[in-house]
Amino acid sequence: MSRKEEILKLIEEGYTTAKQLARHFNVSLMTIYRDLRELEEEGKIIRKHGNVELKKEEEIKESTCAVCGKNVDLRLGFIYMMRGGKKVQTCCAHCGLIAYRTLNKENIEMVMTRDFISSNPINAFMGSFVIGSSAAPCCQPSAFAFASREDAEKFAKGFGGYVSDFEEATVRMEELMKSGPKIKLSTKL
Ligand SMILES: [Zn+2]
Ligand SMILES: [Zn+2]
């Protein structure tokens, strides 16, 4: 049995902290943290207030948006992977861009979302966004993520909105939230 498998067994038996596990295996806390993080990424455990527990089925299905509380739509949402293994999920790119303004940037390790057309996972920082188009599957003003700028531009041709890179999209979203979708923004910030 691998150490990770053994860790799962021990958690099931009532171990709740990294310290207990490190003592049990006689390894460093760093080593245990690495195992726990991998287990968390595999969706087998969750970490809460410094304790570890096994992940239950409902908790996998029922994640809610960190910004507005709606159920997370895995096709549209953002997942922020934070240092220390915490995840911040949002229902759609609208809330994903808003969440960015509230998170400690230094603790963000990665932001994942999906290309609106192909549904392939993409690094949101590298994505192109269409903000404030007339299409609104979730929150408004709406935001859509695309892997390619070309797709974003095609989408904006059909549905309106502003094509922006990640940083610009967070600024535009904030502007639109303040001024309402009717105010015309200049095409270049
Ligand atoms: Zn939301
Ligand atoms: Zn939403």
Side-chain angles (χ1 to χ4, degrees), residues 40-41 43 46-49 55-185 187 189:
E40 189 174 46
E41 276 162 11
I46 45 172
R47 289 196 271 177
K48 258 192 222 163
H49 317 299
K55 194 158 189 170
K56 291 173 209 87
E57 279 301 317
E58 318 86 86
E59 278 166 306
I60 297 171
K61 275 185 257 143
E62 287 188 16
S63 15
T64 52
C65 175
V67 175
C68 72
K70 274 187 210 170
N71 279 346
V72 166
D73 187 331
L74 292 174
R75 284 176 315 123
L76 300 173
F78 271 34
I79 303 176
Y80 286 88
M81 312 281 192
M82 307 299 287
R83 195 164 293 171
K86 206 182 135 203
K87 282 194 190 114
V88 176
Q89 284 191 289
T90 70
C91 57
C92 62
H94 164 101
C95 286
L97 293 167
I98 290 171
Y100 182 71
R101 315 290 285 182
T102 67
L103 293 169
N104 182 349
K105 317 282 176 285
E106 279 169 22
N107 286 338
I108 299 174
E109 288 192 330
M110 198 185 121
V111 192
M112 209 214 77
T113 185
R114 283 170 194 275
D115 177 86
F116 183 64
I117 294 167
S118 68
S119 275
N120 287 332
I122 57 172
N123 174 351
F125 287 143
M126 310 293 287
S128 291
F129 295 85
V130 176
I131 310 299
S133 73
S134 61
C138 195
C139 305
Q140 276 182 297
S142 68
F144 294 89
F146 300 89
S148 90
R149 182 118 190 156
E150 209 188 321
D151 285 342
E153 271 157 11
K154 273 187 216 151
F155 185 88
K157 240 176 226 154
F159 295 96
Y162 304 97
V163 178
S164 317
D165 65 19
F166 183 87
E167 286 281 345
E168 199 184 325
T170 64
V171 177
R172 282 199 190 279
M173 183 53 76
E174 202 173 44
E175 290 295 314
L176 282 175
M177 296 288 288
K178 263 191 243 151
S179 57
K182 297 250 153 56
I183 306 268
K184 202 168 179 284
L185 287 173
T187 39
L189 282 172

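Here, residue 1 is the first one in the sequence, and each next residue gets the next number. For the numbers below, each heavy atom of this structure counts, side chains included, while hydrogens, waters and symmetry mates do not. This is a predicted model, so every value here is computed, not measured. We count ligands from 1, going down the list as the structure has it; atoms in each ligand are counted the same way.
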Side chains of S119 and R75: any donor to acceptor distance under 3.5 Å? no

Can you confirm whether F166 sits close enough to M126 that some side-chain heavy atom of one is under 4.5 Å from a side-chain heavy atom of the other? no

Report the protein N/O/S neighbours of the Zn ion (ligand 2) that fall below 2.8 Å; do not count waters. C91 SG, C92 SG, C138 SG, C139 SG

So do the side chains of I108 and M110 get within less than 4.5 Å of each other, counting heavy atoms only? no

Can you find a heavy atom in the side chain of M112 that is under 4.5 Å from one in the side chain of N123? no

Quick check: do Y100 and Y80 have side-chain heavy atoms less than 4.5 Å from each other? yes

Excluding sequence neighbours, so at least two apart, what forms ring-ring contact (aromatic ring centres under 6.0 Å, His included) with F116? F144, F155

